[in-house]
Amino acid sequence: MPNKARPSTGEQAKQHALAQLRQAILHGEMAPAQRLVENELAEQFGVTRASIRGALIDLEAQGLVERIRNRGSRVRVVTVEEAVAITECRMVLEGLCAAKAAVAASDAQLAELTELGTAMTKAVADGEPVTYSDLNHELHARIREFSGQRTALELLERLNAQLVRHRFQLALRPGRPQQSLKEHLAMIEAIRARDPEAAEKAVRAHLSSVIEALRD
């Protein structure tokens, strides 16, 4: 966005800074524990320090940033135990979404899940863990969307944002995509069969496996 078209103050400026910072954190461009200096960020995004400060407060509420007393803000470090606790919460909410998707998804949406499963299988066969990780994320997002459970979707977006670093690390672990693929294909099959109980069970089994991998 050209500087002349970018608001430097006010709510729009804060929202611009918020979106840019959130994207940088989620894409790994800003590493855990990296300091977030207001002056530098204000110059980088062409907004005021007040806009940056407001964005950091919002990111703190989302669990992506933490404030260290007398030291300012930094990208939040999510420990393994915190990642496990978050995944336990995901297990309940994503299981609910899968069960609802098994009932509510249209035939076209079921076909989309099948296509994602095929693409994930190809990514594993081709040895492309980053592509597989992106498709994995997309599959979970589609299941949440197809469930129609807006409250669970919003809660999960916040929880999943905090796990981005651990998700990439697991995807790059030798043998993990192959194991994960089987679990995801079981989820897709249960939803396609329109079996809500089996769909929820498949999601819980998958996320239990994720917890075991996080603890390894």
Side-chain angles (χ1 to χ4, degrees), residues 25-26 28 32 62-64 76-105 109-110 112-121 123-124 128-216:
I25 293 170
L26 295 184
Q62 295 174 22
L64 296 179
R76 182 169 171 241
V77 177
V78 178
T79 67
V80 169
E81 283 310 308
E82 285 175 317
V84 167
I86 291 169
T87 305
E88 288 173 342
C89 293
R90 283 183 61 204
M91 192 183 296
V92 176
L93 292 169
E94 299 223 27
L96 170 65
C97 287
K100 286 189 169 291
V103 175
Q109 289 171 332
L110 294 180
E112 187 175 341
L113 296 183
T114 301
E115 289 172 4
L116 278 169
T118 300
M120 292 171 77
T121 300
V124 170
E128 298 179 349
V130 175
T131 299
Y132 176 78
S133 179
D134 290 341
L135 290 167
N136 173 359
H137 183 69
E138 180 71 12
L139 174 64
H140 283 273
R142 285 289 173 265
I143 293 171
R144 295 194 297 271
E145 177 188 340
F146 298 161
S147 75
Q149 230 295 356
R150 296 295 307 174
T151 301
L153 189 153
E154 291 170 5
L155 290 168
L156 283 163
E157 282 183 351
R158 172 173 172 172
L159 292 173
N160 285 320
Q162 298 175 56
L163 294 175
V164 62
R165 177 67 52 173
H166 292 282
R167 177 165 64 87
F168 282 127
Q169 288 175 342
L170 286 183
L172 295 173
R173 185 179 299 178
R176 179 59 199 168
Q178 289 82 351
Q179 175 62 35
S180 170
L181 176 63
K182 297 175 186 176
E183 297 159 4
H184 285 110
L185 294 179
M187 288 162 48
I188 293 170
E189 185 59 33
I191 293 171
R192 289 184 64 236
R194 297 198 179 280
D195 185 336
E197 185 176 335
E200 181 172 4
K201 183 177 180 181
V203 168
R204 284 178 170 269
H206 164 57
L207 292 176
S208 292
S209 173
V210 169
I211 288 173
E212 289 179 13
L214 284 169
R215 284 176 166 157
D216 280 349

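All heavy atoms count here, side chains included; hydrogens, waters and symmetry mates do not.
Applying the salt bridge (Lys or Arg N to Asp or Glu O under 4.0 Å) test to pairs two or more places apart or on separate chains, none has a residue in residues 147-156. Here salt bridge (Lys or Arg N to Asp or Glu O under 4.0 Å) pairs that include residues 172-185, with residues two or more places apart or in two chains, are Arg176-Glu183. The salt bridge (Lys or Arg N to Asp or Glu O under 4.0 Å) analysis of residues 76-105, with sequence neighbours excluded, yields the pairs Arg76-Glu82, Arg90-Glu94, Glu94-Arg144. Pairs of residues two or more places apart, or lying in two chains, that qualify as salt bridge (Lys or Arg N to Asp or Glu O under 4.0 Å) and include a residue from residues 188-199 are Asp107-Arg194, Glu189-Arg192.
Looking at residues two or more places apart in sequence or on another chain, you find no side-chain hydrogen bond (donor to acceptor under 3.5 Å, both in side chains) involving Arg158. Residues passing the side chain to side chain contact (heavy atoms under 4.5 Å, CB included) test with Glu115, sequence neighbours excluded: none. Judged as a side chain to side chain contact (heavy atoms under 4.5 Å, CB included), and not counting sequence neighbours, the contacts of Leu155 are Leu93, Thr151. In terms of the side-chain hydrogen bond (donor to acceptor under 3.5 Å, both in side chains) criterion, Asp134 has no residue partners (sequence neighbours excluded). Scored by the ring pair (Phe, Tyr, Trp, His ring centres under 6.0 Å) test, His206 finds His140, His184 as partners (sequence neighbours excluded). Every side chain to side chain contact (heavy atoms under 4.5 Å, CB included) that Glu157 has, sequence neighbours left out, goes to Leu153. Qualifying side chain to side chain contact (heavy atoms under 4.5 Å, CB included) partners for Thr118, counting only residues two or more places apart in sequence or in other chains: none. For Glu138, the side-chain hydrogen bond (donor to acceptor under 3.5 Å, both in side chains) partners are Arg142, not counting sequence neighbours.
Ile191 CD1 to Gln109 CD: the interatomic distance, rounded to the nearest 0.5 Å, is 11.0 Å. Rounding to the nearest 0.5 Å gives a distance of 9.0 Å between CE of Met187 and CG of Leu113. The distance from atom CD of Gln169 to atom CG of Leu163, rounded to the nearest 0.5 Å, is 11.0 Å. To the nearest 0.5 Å, atom CG of residue Leu156 and atom CD1 of residue Ile86 are 11.5 Å apart.
Looking at every heavy atom in both residues, Pro129 comes nearest to Leu172 through CG-CD2, 3.9 Å. The shortest non-hydrogen separation linking Ala98 to Ile143 is CA-CG2, 3.8 Å. Residues Leu96 and Ala152 approach most closely at CD2-CB, 4.5 Å, considering heavy atoms. The minimum heavy-atom distance linking Leu170 with Ala213 is given by the pair CD2-CB, 3.8 Å.
Using modelled atom types, no side-chain atom of His137 and backbone atom of Asn160 make a donor-acceptor pair closer than 3.5 Å. Checking side-chain atoms of Ser209 against main-chain N and O of Ala205 turns up no donor-acceptor pair under 3.5 Å. Judged by distance alone, with hydrogens and angles left aside, the side-chain atoms of Glu128 form no donor-acceptor pair with the main-chain N or O of Thr131 at under 3.5 Å.
Side-chain contact between Ile211 and Met91 is present, with heavy atoms from C-beta onward closer than 4.5 Å. Side-chain contact check for His166 versus Leu214: some heavy-atom pair is nearer than 4.5 Å. In this structure, the side chains of Leu139 and Ile188 come closer than 4.5 Å at one or more pairs of heavy atoms. Side-chain contact between Cys97 and Phe146 is absent, with no heavy-atom pair separated by less than 4.5 Å.
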